[in-house]
Every structure is written in C-alpha cells, then in structure tokens.
Amino acid sequence: VLKTIVLQADETPHKMLEGDETSNWYLWGFISNIACYFEVHNTRSGDVAYAFLELSKAQFLVSDGYAGYGKAIRKLKEENTRTVIEVHCNAHAYRYFKDASITWTEECIDFLNLYGTIYELERERKELQNKITPSEQLEFRKKMVPFFEEIKNKCEIKKKDAMPESGLMKACNYYLNHYDGLTICTTNIDIPLDNNLSERELRSPVIGRKTWYGSHSKRGALTSAVLFSIVQSCKLNNVNPRSYFPWIVNRIHNKESILTPHEYLLQITQKPLLSG
C-alpha cells in the first residue's frame with residue numbers, strides 16, 4: 001500500500017470497550033488496488049493520515065472530504081516540501097444531493113440526472129477498459145467535464161435560494177468546496193471517480209462490529225487491524241483466506257519468505273510480480 005501512487009483512505013468508529021480511558025477509537029483503512037492496510041487509533045486526528053503519507057509514495061489521496069486528510073496533506077507540504085494532490089469522492093457528492101432530494105425533490109432532480117450521465121459514461125468505460133488504451137479510456141472521462149461544469153453552475157444558482165443549513169445548501173457547498181478534487185479524475189485515468197473501493201473494504205469491519213461491538217484491549221484492537229488487513233487483502237485479490245492462512249503459516253514455520261495475498265496469487269498463477 002505504501003508503494004501505490006493513488007492511495008485511497010477512509011476511517012470508521014471502533015469501540016474500545018475496556019483497556020483504555022478513551023472508548024471512541026477509529027479503524028483507519030489505507031487501500032490500493034492490490035492491498036489493504038488497517039490501523040486502529042484512539043483519535044480521528046489527521047496526524048494518523050500524515051504519519052502514513054510521510055512513509056508512502058502516494059501522489060494522490062482519495063477520500064470523502066474529511067478535513068483531517070486535508071490537514072495531513074498541508075502538513076506534509078509544510079514539513080517535507082512534498083505535494084500530494086487531494087482527490088474527492090463523487091459518490092459522496094451524489095449522496096448529498098440524493099439525501100437533499102427527499103425534501104428538495106424538484107431542485108435536486110437535475111443534479112441527480114447529471115450525475116447519472118457521468119456514472120453511465122464511467123460504466124461504459126469500465127466495460128471497454130480491457131479492449132481500449134488508457135488514452136482512449138480517458139476520452140470517456142473528458143466527456144464528463146461539461147456535466148461537472150453544469151452541476152457547478154446549478155449549485156451556484158441554487159445556493160442563492162436555498163435555506164441555510166438545509167440539505168440542499170450542504171449538497172451545493174460540498175460540491176463547490178471540493179470541485180477541483182471531484183473533477184481531477186477527468187485528467188488522469190488512474191484516479192477513480194469515487195472512494196467506493198475503500199468504503200467497500202471497510203464494510204466488513206462495519207458489519208462485524210454489530211456482532212462483536214468493539215475490542216476489550218489494545219492488543220485485541222491491534223490483532224483486529226492485522227486480521228482485517230490480511231483478510232480484506234485476500235478478498236481484494238480474489239484469494240480465499242482459508243487457503244492463504246495455512247499456506248502462509250506453513251511458510252513462516254519453514255522460515256521461507258513471507259508473501260502478501262497479491263504475491264501469493266501471482267505465485268500460484270505464475271504471473272510476473274507487479275510493483276503495486
């Protein structure tokens with residue numbers, strides 16, 4: 001994950017039921033296309049993201065717009081003179097308009113239709129991505145630009161009449177405040193349209209906590225993060241964790257090199273190793 005150029009990140013609450021003065025902990029996920037890495041911390045501070053970014057080779061950070069990631073990027077530039085470009089999630093922007101449409105139905109229908117067109121273009125691109133070149137794929141993204149611009153223009157108009165603190169105002173503000181990060185995907189095919197990958201990888205821990213509620217110790221929280229990292233990385237590579245775990249434990253006992261789920265997949269399929 002540290003090697004990836006386009007890093008995706010997200011975080012979710014993780015309860016510390018005992019063993020620490022702070023009960024509200026957070027599970028942080030850092031994700032690439034071939035691996036997931038999780039950490040658990042007693043804070044939602046952007047310093048967690050900064051510590052990871054400092055070690056990484058990331059040039060782009062995809063997130064839902066949480067201010068902590070912006071803080072980490074600014075700190076990285078100030079203290080390390082290194083620039084990471086912040087990328088924002090169009091799925092979040094769409095959901096803001098979708099939620100606002102419950103009350104502001106007529107006002108939001110154009111936003112939802114425009115986003116529908118954008119995602120239809122992305123669907124068409126994905127269907128052809130194994131048949132066309134990256135530059136040809138980028139043409140699909142470039143076709144999105146007028147629709148992004150139209151949403152921006154409509155936001156600026158709707159804001160004038162929207163009630164303060166209303167769902168419509170929040171949706172317009174989110175879009176306008178994050179416009180550059182929402183549209184950078186039209187300039188680079190490697191940048192995803194949204195942060196759905198990291199949200200999917202966090203889904204299992206989120207569903208699981210409804211059963212186990214949280215951790216009873218710091219060591220238990222660390223163990224959870226390690227296991228989530230391994231299992232979700234297996235799933236990301238279509239590797240069965242029940243096959244990977246005994247295989248990797250056997251290698252450890254035999255003092256052989258430890259391979260990640262992605263490296264394991266490449267070995268059993270005899271494909272050349274990717275850099276990440």
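In this chain, numbering begins with 1 at the start of the sequence shown.
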Do any N or O atoms from the side chain of [X] and from the backbone of [Y] form a donor-acceptor pair under 3.5 angstrom?
X: Ser233; Y: Cys36; value: yes
X: Arg141; Y: Cys185; value: yes
X: Asn237; Y: Ile34; value: yes
X: Asn240; Y: Arg242; value: yes
X: Ser229; Y: Phe38; value: yes
X: Asn90; Y: Leu182; value: yes
X: Ser32; Y: Ala35; value: yes
X: Thr4; Y: Val6; value: yes
X: Asp194; Y: Asn196; value: yes
X: Thr105; Y: Ser101; value: yes

**OP:** Report the hydrophobic cluster partners of Ile207, with the cluster defined as I, L, V, M, F, W, Y residues connected by side-chain heavy atoms closer than 4.5 angstrom, directly or transitively.
**Re:** none
Original post:
How far apart are the C-alpha atoms of Arg44 and Tyr26, what are their side-chain angles, what is the distance that settles it, and do they pass the side chain to side chain contact (heavy atoms under 4.5 Å, CB included) test?
Top reply: CA-CA 6 Å; Arg44 201 187 176 205; Tyr26 292 88; 3.7 Å; yes
Any side-chain heavy-atom pair of [X] and [Y] under 4.5 Å:
X: Glu39; Y: Val48; value: yes
X: His88; Y: Ser63; value: yes
X: Glu86; Y: Leu61; value: no
X: Tyr69; Y: Val84; value: no
X: Leu2; Y: Lys57; value: no
X: Tyr50; Y: Ser45; value: no
X: Met169; Y: Lys158; value: no
X: Val62; Y: Ser198; value: no

Hey, are [X] and [Y] close enough for a salt bridge, meaning a charged N less than 4.0 Å from a carboxylate O?
X: Lys75; Y: Glu78; answer: no
X: Glu127; Y: Arg123; answer: yes
X: Glu139; Y: Lys142; answer: yes
X: Glu199; Y: Arg95; answer: yes

Original post:
Trp212 vs Phe228 aromatic rings, parallel, tilted or perpendicular, using cut-offs 30° and 60°?
Top reply: tilted
Original post:
Will you find, in the side chains of Gln129 and Lys126, an N or O donor that is under 3.5 Å from an N or O acceptor?
Top reply: no
Do [X] and [Y] land in one hydrophobic cluster if side-chain heavy atoms of ILVMFWY residues count as linked below 4.5 Å?
X: Tyr66; Y: Leu7; value: yes
X: Val231; Y: Trp247; value: yes
X: Tyr94; Y: Phe147; value: yes
X: Val226; Y: Ile252; value: yes
X: Leu202; Y: Leu197; value: no

Original post:
Hey, mind stepping through Glu122 and Arg125 against salt bridge (Lys or Arg N to Asp or Glu O under 4.0 Å) and telling me if it holds?
Top reply: CA-CA 5 Å; Glu122 182 68 358; Arg125 181 195 70 81; 2.9 Å; yes
Shortest non-hydrogen separation from [X] to [Y] and the atoms involved:
X: Ser215; Y: His14; value: OG-NE2, 2.7 Å
X: Leu121; Y: Phe140; value: O-CD2, 3.7 Å
X: Leu193; Y: Met144; value: CD1-SD, 4.0 Å

**OP:** I would like to know whether Asn80 and Leu53 meet side chain to side chain contact (heavy atoms under 4.5 Å, CB included); could you show each step before the answer?
**Re:** CA-CA 11 Å; Asn80 294 274; Leu53 282 173; over 6 Å; no
Around [X], counting heavy atoms of other residues, nucleotides and ligands shown, do more than 12 lie under 6.0 Å from its [atom1]?
X: Glu79; atom1: CD; result: yes
X: Leu112; atom1: CG; result: yes
X: Arg82; atom1: CZ; result: yes

Original post:
Which pairs with one or both residues in residues 169-187 pass side-chain hydrogen bond (donor to acceptor under 3.5 Å, both in side chains), sequence neighbours excluded?
Top reply: Lys159-Asn173
Subject >> Test log, rule side chain to side chain contact (heavy atoms under 4.5 Å, CB included), inputs Lys235 and Gln232 >> reply: CA-CA 5 Å; Lys235 291 162 66 176; Gln232 293 305 121; 3.1 Å; yes
**OP:** Take Asp190 and Phe60, measure what side chain to side chain contact (heavy atoms under 4.5 Å, CB included) needs, and give me the verdict at the end.
**Re:** CA-CA 10 Å; Asp190 293 324; Phe60 301 92; over 6 Å; no
Original post:
Within 45° of the ring axis of Tyr264 and under 6.0 Å from its six-membered ring centre, is that where the NZ or CZ of Arg251 lies?
Top reply: no
Original post:
Taking atom CG of Leu168 and atom CD of Glu107, what is their separation to the nearest 0.5 Å?
Top reply: 6.5 Å
